[in-house]
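Note that these values count all heavy atoms, side chains included, but never hydrogens, waters or copies made by symmetry. Since the model is a prediction, treat every value here as computed from it, not as a measurement. Start at 1 and go down the list; that is how both ligands and their atoms are numbered.
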Amino acid sequence: MIIQICVGSSCCIKGSERLVEMFDQAIALSGRDKDITLAGSFCIGKCSPVGVTVQVNDDIHVGVTPEGFRDFWSQVVLPTLAKEDQM
Ligand code: FES
């Protein structure tokens, strides 16, 4: 799985740096660091008035916030990992 966190200027001021730290920690704690590649990206072209744009494989998610990180992890990242485990 590839998780790309937008670090473009619009997303940066809405928490990209904090989200990178949170993803990094969660990946390390999950023990799935060999299965998940974390990367930054330039503007994905989906700037939102709230939160950061995060791309998980081919799916683009807008408005991801540090406050919403736990939900994003459990509702997007873990199910995607589970799907990839079945392949
Ligand atoms: S700056 Fe992040 S989508 Fe544009």
Heavy atoms from other residues, nucleotides or ligands near CG of L78 exceed 12 (cutoff 6.0 Å): yes
At less than 4.0 angstrom from any non-hydrogen atom of I44, what atoms of ligand 1 do you find? 3 (S)
Per-atom contacts of ligand 1 with S10, taking only distances under 4.0 Å to non-hydrogen atoms: 1 (S)
Has E84 got a side-chain atom pairing as donor or acceptor with M1's backbone, closer than 3.5 angstrom? yes
Would you say C12 touches ligand 1, if touching means a heavy atom closer than 4.0 Å? no
Mind checking whether atom 4 (Fe) of ligand 1 has an N, O or S of C6 under 2.8 Å? no
N57 side chain reached by I2 side chain, heavy atoms, under 4.5 Å: yes
What's the shortest heavy-atom distance between S16 and C6, and which atoms? OG-O, 2.6 Å
Kindly indicate whether the side chain of F72, heavy atoms from C-beta on, has any atom under 4.5 Å from the side chain of V77. yes
Between T53 and K46 (side chain of the first, backbone of the second, donor and acceptor by atom type, cut-off under 3.5 Å), is there such a pair? yes
Quick one: which ligand 1 atoms are inside 4.0 Å of a heavy atom on G45? 3 (S)
Subset of ligand 1 atoms that lie under 4.0 Å from at least one heavy atom of T53: 3 (S)
Does atom CD of E17 have more than 12 heavy-atom neighbours, drawn from other residues, nucleotides or ligands, at distances under 6.0 Å? no
Under 4.0 Å to a heavy atom of C47 - the qualifying atoms of ligand 1, by number: 1 (S), 3 (S), 4 (Fe)
Which atoms of ligand 1 are found less than 4.0 Å from any heavy atom of G8? 1 (S)
Between atom 4 (Fe) of ligand 1 and C11, is there an N, O or S atom separated by less than 2.8 Å? no
May I ask you to list the atoms of ligand 1 that are less than 4.0 angstrom from any heavy atom of K46? 3 (S)
